[in-house]
J.: 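Before anything else, here's the structure in question.
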Amino acid sequence: VVADCGGPDRAMAFAGDATDPDTMAEAVAAVQQHLGPVDVLINAAGGNLPDATISPEGSVFDLDPQAIDRVMAINYRGALTPTLAFAPGMAERGRGVIINFSSMATFRAFSRVIGYSAAKAALDNTTRWLAVSLARKHGDGLRVNAIAPGFFLTEQNRTLLTEPDGSLTSRGRSIVDHTPFGRFGQAHELHGTLHWLCSDASAFVTGVVVPIDGGIAIDSGV
């Protein structure tokens with residue numbers, strides 16, 4: 001948990017497991033003690049495991065169900081658990097913003113990442129469900145949305161997408177070739193959408209999953 005401390009260059013960090021309710025309850029108490037009420041919750045926990053993916057030579061029948069469960073926990077419960085901890089305070093005040101990190105893997109069937117895709121698809125549905133439920137019960141000041149990044153080059157996926165010399169792997173090249181912008185995204189290119197969803201500029205927006213993908217979801221390849 002990283003909390004804003006009242007200025008652009010100040011933050012506080014609280015270490016813990018985003019899937020554990022007790023840890024999240026402790027985080028809520030710590031944030032409220034040091035900073036007061038929470039206005040915005042961004043659920044950015046996520047990741048993948050090798051055993052929850054399918055290699056080019058592999059088969060869906062090789063999947064490890066326990067690995068799928070772990071990936072579901074990281075990507076789904078890692079967002080739902082913090083929401084259940086932080087959202088009650090928002091509901092009491094009738095105001096707050098929740099933003100979940102989804103993925104473009106929920107829009108199309110990307111190869112290999114079956115567990116990750118399923119977890120993020122569940123999160124998309126829960127984003128919509130919570131948006132409706134919280135608005136009807138607690139008013140229009142409480143909004144739930146998600147962003148769906150496309151392919152961003154990060155330390156987690158760098159070896160999958162690029163060679164040691166910086167050139168593209170076959171998968172990296174395939175992704176870039178199918179992205180109209182012809183490149184991977186950069187982390188700062190998420191900021192504008194996040195700022196919009198956090199602000200009153202999106203006061204009438206709830207339950208949406210915003211693609212940030214350089215056009216990969218809309219390109220037919222023709």
J.: Starting from V40, can I reach V31 by hopping between I/L/V/M/F/W/Y residues whose side chains sit under 4.5 Å apart?
T.: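 V31 does not cluster with V40.
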
J.: For the side chain of S59 and the backbone of F61, is there at least one donor-acceptor N/O pair under 3.5 Å apart?
T.: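 Yes; at least one donor-acceptor contact below 3.5 Å.
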
J.: Indicate yes or no: at least one non-hydrogen side-chain atom of L63 is less than 4.5 angstrom from one of D51.
T.: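 In short, these two side chains do not touch, never coming nearer than 4.5 Å.
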
J.: Which atom names give the shortest non-hydrogen contact between P82 and A18, and what distance separates them?
T.: CD-O, 3.3 Å

J.: I'd like to check L153 versus R158 (side-chain heavy atoms, cut-off strictly below 4.5 Å). Are they in contact?
T.: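 Yes, at least one pair of side-chain atoms sits under 4.5 Å.
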
J.: Hey, mind stepping through R136 and V132 against side chain to side chain contact (heavy atoms under 4.5 Å, CB included) and telling me if it holds?
T.: CA-CA 6 Å; R136 290 196 182 279; V132 172; 3.7 Å; yes

J.: Does the pair L142 and R95 meet the rule for a side chain to side chain contact (heavy atoms under 4.5 Å, CB included), with working shown?
T.: CA-CA 5 Å; L142 190 54; R95 181 173 178 81; over 6 Å; no

J.: Shared ILVMFWY cluster between F101 and L123, side chains joined below 4.5 angstrom?
T.: no

J.: If you measure only the distance, is there a donor-acceptor pair under 3.5 Å linking the side chains of D165 and S167?
T.: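 D165 vs S167: donor-acceptor pair found between side chains.
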
J.: Please check if the number of heavy atoms outside D64 that lie under 6.0 Å from its CG is greater than 12.
T.: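 Count over threshold, so yes.
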
J.: Hey, is CD on Q32 packed in by over 12 heavy atoms from elsewhere, all under 6.0 Å?
T.: yes

J.: Indicate if V38 and L130 have the same hydrophobic cluster label, given that clusters are the connected sets of ILVMFWY residues with side-chain heavy-atom separations under 4.5 angstrom.
T.: yes

J.: For N125 and A122, indicate whether the former's side chain and the latter's backbone hold a donor-acceptor pair under 3.5 Å.
T.: no

J.: Look at the side chain of S117 and the backbone N and O of V113, then say whether any donor-acceptor pair between them is shorter than 3.5 Å.
T.: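 Checked: pair present.
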
J.: For I216 versus I175, what's the shortest heavy-atom pair and its separation?
T.: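 Nearest heavy atoms, I216 then I175: CD1-O, 4.3 Å.
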
J.: Under 4.5 Å between side-chain heavy atoms, hopping through other hydrophobics if needed: is there a path connecting M24 to M72?
T.: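 Result: no, two separate clusters.
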
J.: Please determine whether residues I147 and I42 belong to a single hydrophobic cluster, defined as Ile, Leu, Val, Met, Phe, Trp and Tyr linked transitively by side-chain heavy-atom distances below 4.5 Å.
T.: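 Same cluster: I147 reaches I42 through Ile, Leu, Val, Met, Phe, Trp or Tyr contacts under 4.5 Å.
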
J.: State, yes or no, whether a side-chain contact exists between L168 and F184 at a heavy-atom distance under 4.5 Å.
T.: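 Yes, at least one pair of side-chain atoms sits under 4.5 Å.
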
J.: Pick from N145, N75, T127: which one makes a side chain to side chain donor-acceptor pair (under 3.5 Å) with N100?
T.: T127

J.: What's the verdict on side-chain hydrogen bond (donor to acceptor under 3.5 Å, both in side chains) for T19 and Y76, showing C-alpha distance, side-chain angles and the deciding distance?
T.: CA-CA 9 Å; T19 69; Y76 180 69; over 6 Å; no

J.: Hey, what do you get for CD1 (I99) to CG (N43), rounding to the nearest 0.5 Å?
T.: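 Between atom CD1 of I99 and atom CG of N43 there are 9.5 Å.
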
J.: Would you give the length of the straight line joining atom CG of D62 to atom CD of E57, rounded to the nearest 0.5 angstrom?
T.: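 The distance works out to 10.5 Å.
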
J.: For a quick test of reading the model, state the closest non-hydrogen atom pair linking R128 to G207 and the distance between them.
T.: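 Closest approach of R128 to G207, heavy atoms only: CG-O, 3.3 Å.
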
J.: Look at the side chain of T169 and the backbone N and O of L160, then say whether any donor-acceptor pair between them is shorter than 3.5 Å.
T.: yes

J.: Evaluate the salt bridge (charged side-chain N to carboxylate O under 4.0 Å, His left out) criterion for residues D124 and K120: first the C-alpha distance (whole Å), next the side-chain angles of each, then the deciding distance (0.1 Å), finally the verdict.
T.: CA-CA 6 Å; D124 282 2; K120 292 300 189 182; over 6 Å; no

J.: Check whether T162 reaches the backbone of T159 with its side chain - one donor and one acceptor, N or O, closer than 3.5 Å.
T.: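 No; judged by distance alone, with no hydrogens or angles, the pair does not exist.
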
J.: Compare every heavy atom of T23 with every heavy atom of G16, then report the nearest pair and how far apart it is.
T.: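 The pair with the smallest heavy-atom distance is CA-CG2, 3.4 Å.
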
J.: Minimum heavy-atom separation for H178 and D219, please, with both atom names.
T.: O-OD2, 3.5 Å

J.: Between F152 and I212, which heavy-atom pair has the shortest distance, and what is it?
T.: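 Minimum heavy-atom separation between F152 and I212: CE1-O, 3.5 Å.
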
J.: Is the backbone N or O of W196 less than 3.5 Å from a side-chain atom of S202, with the two atoms forming a donor-acceptor pair by type?
T.: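 Present.
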
